[in-house]
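Everything numeric in this text was worked out from a predicted model, so none of it was measured. Chain naming here is simple, since letters A, B, ... match the order of the sequence lines and numbering starts at 1 in each.
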Amino acid sequence: MAGKDSREFREIYERLLVFYGPRGWWPVTREGGSRPEYCGGPVNHSQRLEVALGALLTQNTSWRGAGKALENLISRKLMNLQSLLEIPETELASLIRPSGYFNQKARKIKTFIKFLAERYGQSWQRFFSEPADRMRELLLELNGIGPETADSIVLYAAGQASFVIDNYTKRLFYRLGHSPLGIPYESLKRRFEKALPAESALYGEYHALIVTHCKERCTSRKPACTGCPLSDLCARRGVVSGKD
DNA sequence: GCCCAGGCTTAAA
DNA sequence: TTTAAGCATGGG
């Protein structure tokens with residue numbers, strides 16, 4: 001089974017990479033820049049923090065709104081532990097309004113920031129050097145961080161191999177005929193991690209390509225199957241349907 | 001107006 | 001243990 005997944009998951013990856021090209025995930029704001037751009041992920045700790053907050057802010061929300069919320073924080077020089085620790089939760093909520101669920105998300109950000117400060121103090125950057133499994137475990141204990149957000153932080157903020165699953169991944173691999181409709185998160189994650197070598201660059205690119213493909217082509221309502229780079233591998237090619 | 005968007009928590013069945 | 005409701009803005 002792992003052998004079959006291994007061949008097929010790699011083939012899907014190669015096809016998507018050729019078709020769309022490298023995605024440059026996760027978007028980060030350059031030093032002196034005003035908004036997040038796709039240029040290859042974080043290279044400093046302020047950017048790692050930005051990626052982690054972005055992962056919280058984009059929960060069940062389009063990236064557009066999350067990006068705008070990040071811009072607001074960055075333009076006010078708040079993308080550092082001390083400022084985020086000091087800002088009142090209500091003020092934080094008003095700044096991240098465009099990302100939706102702003103009250104809940106403000107609380108989640110506060111929870112995460114307090115965790116870093118209380119556990120690591122001044123050397124909070126050490127958090128990103130925790131082993132991937134340990135980091136994931138710590139994140140999952142925090143209110144507001146579930147499996148996808150935890151994996152996004154481990155993979156894109158810390159640069160460690162942990163495969164990210166999301167609804168796009170579930171939908172695409174269901175349509176391709178590789179997994180049942182309501183497959184549990186951990187189950188699909190394990191399949192990817194067994195099928196592929198544990199390389200953060202590979203995991204990061206793969207997830208980014210899946211998101212691109214599902215946003216641009218394999219959409220919820222009317223998938224654009226004509227010209228799809230995966231159509232000859234797909235169990236549901238040409239099947240027009242409402243959902244799924 | 002309805003549907004969807006790079007989820008998660010809490011409470012009810 | 002599975003299912004539903006709630007969270008909320010913004011674009012198509």
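Checking the phosphate oxygens (OP1, OP2) of B:dC8, a side-chain nitrogen or oxygen of A:Thr149 falls inside 4.0 Å.
Heavy-atom nearest nucleotides on DNA chain B were determined for A:Gly144 and for A:Cys214, and the one closer to the 5' end corresponds to A:Cys214.
Side chain of A:Thr58 to main chain of A:Ala55: no donor-acceptor pair is present (N/O by atom type, distance under 3.5 Å, no hydrogens or angles).
Scored by the ring-ring contact (aromatic ring centres under 6.0 Å, His included) test, A:Trp124 finds no partners at all (sequence neighbours excluded). Applying the ring-ring contact (aromatic ring centres under 6.0 Å, His included) rule to A:Phe19 yields no partners; only residues at least two apart in sequence or on another chain are considered. Applying the ring-ring contact (aromatic ring centres under 6.0 Å, His included) criterion to A:Tyr185, with sequence neighbours excluded, gives no partner residue.
Sorted by first and then second residue, the side chain to side chain donor-acceptor pair (under 3.5 Å) pairs with a member in residues 203-212 of chain A form an empty list; sequence neighbours excluded. Listed by first then second residue, pairs satisfying side chain to side chain donor-acceptor pair (under 3.5 Å) with a partner in residues 94-104 of chain A read A:Asn60-A:Tyr101, not counting sequence neighbours. Sorted by first then second residue, the side chain to side chain donor-acceptor pair (under 3.5 Å) pairs that include residues 31-55 of chain A, not counting sequence neighbours, are A:Thr29-A:Glu50, A:Arg30-A:Glu37, A:His45-A:Arg48. Identified under the salt bridge (Lys or Arg N to Asp or Glu O under 4.0 Å) test for residues 135-157 of chain A, with sequence neighbours left out: A:Arg134-A:Glu137, A:Arg136-A:Asp151, A:Arg136-A:Glu186, A:Asp151-A:Lys189. Pairs of residues two or more places apart, or lying in two chains, that qualify as ring pair (Phe, Tyr, Trp, His ring centres under 6.0 Å) and include a residue from residues 53-97 of chain A are A:Trp26-A:Trp63.
If you check B:dC3, B:dT10, B:dA5 against the side chain of A:Arg221, the one that comes closest is B:dC3.
Residues A:Tyr13 and A:Glu8 have side chains that never bring a donor and an acceptor to within less than 3.5 angstrom of each other. In the model, A:Thr149 has no side-chain atom that pairs as donor or acceptor with a side-chain atom of A:Lys108 under 3.5 Å.
Looking at residues 60-77 of chain A, you'll see A:Asn60, A:Thr61, A:Ser62, A:Trp63 sit with a heavy atom under 4.0 Å from some atom of DNA chain B. Near DNA chain C, meaning a heavy atom under 4.0 Å away, the residues from residues 99-108 of chain A are A:Gly100, A:Tyr101, A:Phe102, A:Asn103, A:Gln104.
With respect to A:Asp166 and A:Arg171, no salt bridge is recorded, no charged nitrogen being found less than 4.0 Å from a carboxylate O.
Contacts between chain A and DNA chain C, taken as any atom within less than 4.0 angstrom of a protein heavy atom, begin and end at C:dC7 to C:dG11.
Side-chain contact between A:Leu209 and A:Leu17: present, with at least one pair of heavy atoms (C-beta onward) separated by less than 4.5 Å.
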So which protein N/O to nucleotides 11-13 of chain B N/O distances come out below 3.5 Å?
none

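Within the 4.0 angstrom heavy-atom criterion, no nucleotide atom of any strand lies near A:Ile210.
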